[in-house]
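Chain naming here is simple, since letters A, B, ... match the order of the sequence lines and numbering starts at 1 in each.
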Number of protein chains: 2
Amino acid sequence: MKQPRLLLVEDDPALAELLEFRFKAENYDVRVTPDGDEALLWASEEAPDLVILDWMIEGTSGIEVCRRLRRDKATAHVPIVMLTARGAEDDMIRGLETGADDYLTKPFSPRELIARVSAIMRRIRPALAGESITVGDLTMDATAHKVTRRGSILALGPTEFRLLKFFMEHPGRVFSRGQLLDAVWGTDSDIELRTVDVHIRRLRKGIELEGAPDPVRTVRSAGYALEAV
Amino acid sequence: MKQPRLLLVEDDPALAELLEFRFKAENYDVRVTPDGDEALLWASEEAPDLVILDWMIEGTSGIEVCRRLRRDKATAHVPIVMLTARGAEDDMIRGLETGADDYLTKPFSPRELIARVSAIMRRIRPALAGESITVGDLTMDATAHKVTRRGSILALGPTEFRLLKFFMEHPGRVFSRGQLLDAVWGTDSDIELRTVDVHIRRLRKGIELEGAPDPVRTVRSAGYALEAV
DNA sequence: AGTGATCGTCACAAACTTGTCATAAATTCA
DNA sequence: TGAATTTATGACAAGTTTGTGACGATCACT
């Protein structure tokens, strides 16, 4: 899955390096700059998923960067987390009013910053924050009712969607036809076991893609499983 | 304009009263309860726009309330701000991981809480904060009650307007007819599910534009969603 | 009271899904 | 190899879900 891209605007080299390291460990793609103007340039070109912005930076001030990010259409809706020195409550209020989404006062723990950034990412980009399931090259966003394979959106019927969802929630495991009927159709359904075969075929057809292998594995005399391909 | 509705779960009467007063002055509709179970009950019935939740409360604990709010479909996406005692960083991490959106440690200034709540409201319910929402080529200015698409002003009936507003506040997500009835018509409305179809058609008709695709997606056996086109 | 807009419901048409079957293909094992 | 078992596939009719036009009721405003 695509990494969320972070722009870190921080002119304390030690802190910048520490945060860069920690965020990279959390699977973020981090870009660092100490300079406000450079930050604006990069932000409008590359549209990061989130900006972490120190209030006191060289060149254009933090609040001015914040304001300009909001004014530029390309970055108007990118979440911003601001960092400032302790005790500057007025700064905080102004920051939030200028359009920042969150605010931390130094010194803060990297864990806290990471937790806050993750909370924002979860809300803004659910697909990037684990509200979607990924198995191999398949990605399912159950909320949006969308399935993607290698970037292409797949069209599945309702039953195939539920079937795939169940498989993706238990990747690699083999399920008998009876188990699949119980899980996907409901315990009280009165349906031929063989019908599962048909829906497996429909699922295979629905997720097939030029040059991509079939992730649905038939286990003879046992059932079916979804493999991470 | 409708006031944003806040649910404040706080068992310190002095703090609760202070916050209630301050938020009312900021034009929020505030409901206060010291009890976790009562909070859950009210939240699932009335679906507040945001929940402020003290970690240490009587009855069900704060984190448990948070978890249950997330689990209940009706409240799964309501933002939560948690309050806790100073120095409990682990609590903070757990809170944010459980699904809270923001976190403050006591003592905090009411101004700070208000600023943070406003920042969240601005992001997730722009319409309530007096800003305009944009989804794809659609723009809605809820205050002026105007919708534009690629520059043209659209004429929508009241219900279609509310329906579109709800969709635009949750772009991409699929909602069942029942959910749409609850959200747009009100929880206590006693209306045929199929009536939603009719209003979806009226909405589609209202926003259709020469050469522009239909952003309303039908998800068979699930409901409807608004796509960013 | 009169006008026009909006609302909820219905009935029917259109579009799509679904479960089953018959048959073909694949696999197992003696 | 050949028979037996198991799975894959195409077709189809029944069933379900959604789209649409029409209609009377209601409401706001004149």
Side-chain angles (χ1 to χ4, degrees), chain A residues 145-147 153-167 173-209 212-227, chain B residues 145-147 153-167 173-208 213-227:
Chain A
H145 240 265
K146 270 189 179 166
V147 188
I153 293 180
L154 307 177
L156 297 177
T159 308
E160 284 70 63
F161 188 90
R162 290 202 309 277
L163 184 56
L164 178 60
K165 185 173 173 211
F166 179 70
F167 273 131
R173 267 179 62 191
V174 178
F175 296 96
S176 71
R177 292 175 176 74
Q179 288 174 309
L180 291 173
L181 278 182
D182 283 355
V184 178
W185 277 259
T187 324
D188 48 315
S189 72
D190 182 27
I191 290 183
E192 281 291 321
L193 282 180
R194 292 260 127 229
T195 299
V196 175
D197 298 31
V198 178
H199 282 279
I200 288 284
R201 175 171 56 91
R202 288 173 180 158
L203 174 57
R204 280 177 165 146
K205 202 152 209 167
I207 65 179
E208 85 185 345
L209 211 63
D214 176 11
V216 180
R217 180 165 56 108
T218 303
V219 182
R220 203 180 165 80
S221 77
Y224 299 93
L226 180 74
E227 301 297 311
Chain B
H145 235 261
K146 265 187 185 164
V147 190
I153 295 181
L154 307 177
L156 296 177
T159 308
E160 285 69 62
F161 186 89
R162 290 203 309 278
L163 184 56
L164 179 60
K165 179 171 154 205
F166 179 71
F167 273 131
R173 274 181 59 191
V174 175
F175 296 96
S176 69
R177 292 174 176 74
Q179 288 175 308
L180 291 172
L181 279 182
D182 283 355
V184 178
W185 278 259
T187 323
D188 48 317
S189 71
D190 183 28
I191 289 183
E192 282 292 320
L193 283 179
R194 296 292 267 96
T195 299
V196 174
D197 297 31
V198 178
H199 283 277
I200 287 283
R201 176 169 56 93
R202 289 171 180 161
L203 174 59
R204 279 178 166 145
K205 205 151 209 169
I207 65 179
E208 86 184 345
D214 177 11
V216 180
R217 177 166 60 112
T218 304
V219 181
R220 197 159 235 269
S221 82
Y224 299 93
L226 180 74
E227 301 295 304

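Of the candidate nucleotides C/dC7, D/dT20, D/dT7, D/dT20 has the atom lying nearest to any side-chain atom of B/Val198. When each of C/dG19, C/dC7, C/dT9 is scored by its nearest atom to the side-chain atoms of A/Trp185, the top-ranked nucleotide is C/dG19. Comparing C/dT18, D/dA8, C/dT6 against the side chain of A/Thr159 picks out C/dT18 as the nearest. Set against D/dG19, C/dG19, C/dT9, the side chain of A/Thr195 has C/dG19 as its closest nucleotide. Residue B/Arg220 places its side chain closer to D/dT17 than to any other of C/dT28, C/dT6, D/dT17. Between D/dT18, C/dC7, D/dT7, one nucleotide has an atom nearer to the side chain of B/Glu160 than all others, and that is C/dC7.
Spacing between atom CZ of B/Arg162 and atom C1' of C/dC7 amounts to 11 Å, rounded to whole angstrom units. As rounded to whole Å, 19 Å separates atom P of C/dA15 from atom CD1 of B/Ile200. In this entry the distance linking CG of A/Leu163 with P of C/dT18 reads 11 Å, nearest Å. Here D/dA25 presents its P atom at 18 Å from CD1 of B/Ile191, a figure rounded to the nearest Å. Protein atom NE2 of B/His199 is 14 Å distant from nucleotide atom C1' of C/dC10, rounded to whole Å. Between the P atom of C/dA15 and the CG atom of B/Asp197 lies a distance of 16 Å, rounded to the nearest Å. Separating the CZ atom of A/Arg201 from the C1' atom of D/dA8 is a distance of 7 Å, rounded to the nearest angstrom. Computed from coordinates, the B/Leu180 CG to D/dT18 P distance equals 12 Å when rounded to whole Å.
Between A/Lys205 and D/dG10 there is a side-chain polar atom (N or O) within less than 4.0 angstrom of OP1 or OP2. Contact annotation: A/Ser221 side-chain N/O to C/dT28 OP1/OP2 distance is not under 4.0 Å. Phosphate contact (OP1/OP2 of D/dG19, side-chain N/O of B/Arg194, threshold under 4.0 Å): absent.
Within the 4.0 angstrom heavy-atom criterion, base atoms lie near A/Arg202. Note on B/Tyr224: only backbone sugar-phosphate atoms sit closer than 4.0 angstrom, heavy atoms only; bases stay farther off.
A distance of 6.0 Å or more separates the ring centres of A/Tyr224 and A/Phe167.
Taking the six-membered ring for Trp and thresholds of 30 and 60 degrees, B/His145 and B/Phe161 have nearly parallel ring planes, at less than 30 degrees apart.
Residues B/Ser221 and A/Arg162 bring no donor and acceptor atom of their side chains to less than 3.5 Å of each other.
No side-chain donor-acceptor contact under 3.5 Å links A/Arg204 to the backbone of A/Asp214.
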* Asked: Would B/Ile207 and B/Leu156 count as a side chain to side chain contact (heavy atoms under 4.5 Å, CB included) if you check the C-alpha gap in whole Å, the side-chain angles of each, and the deciding distance to 0.1 Å?
  -> CA-CA 8 Å; B/Ile207 65 179; B/Leu156 296 177; 4.2 Å; yes

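Residues A/Glu192 and B/Gly157 each lie close to DNA chain C; by heavy-atom proximity, the contact nearer the 5' end of the strand is made by B/Gly157.
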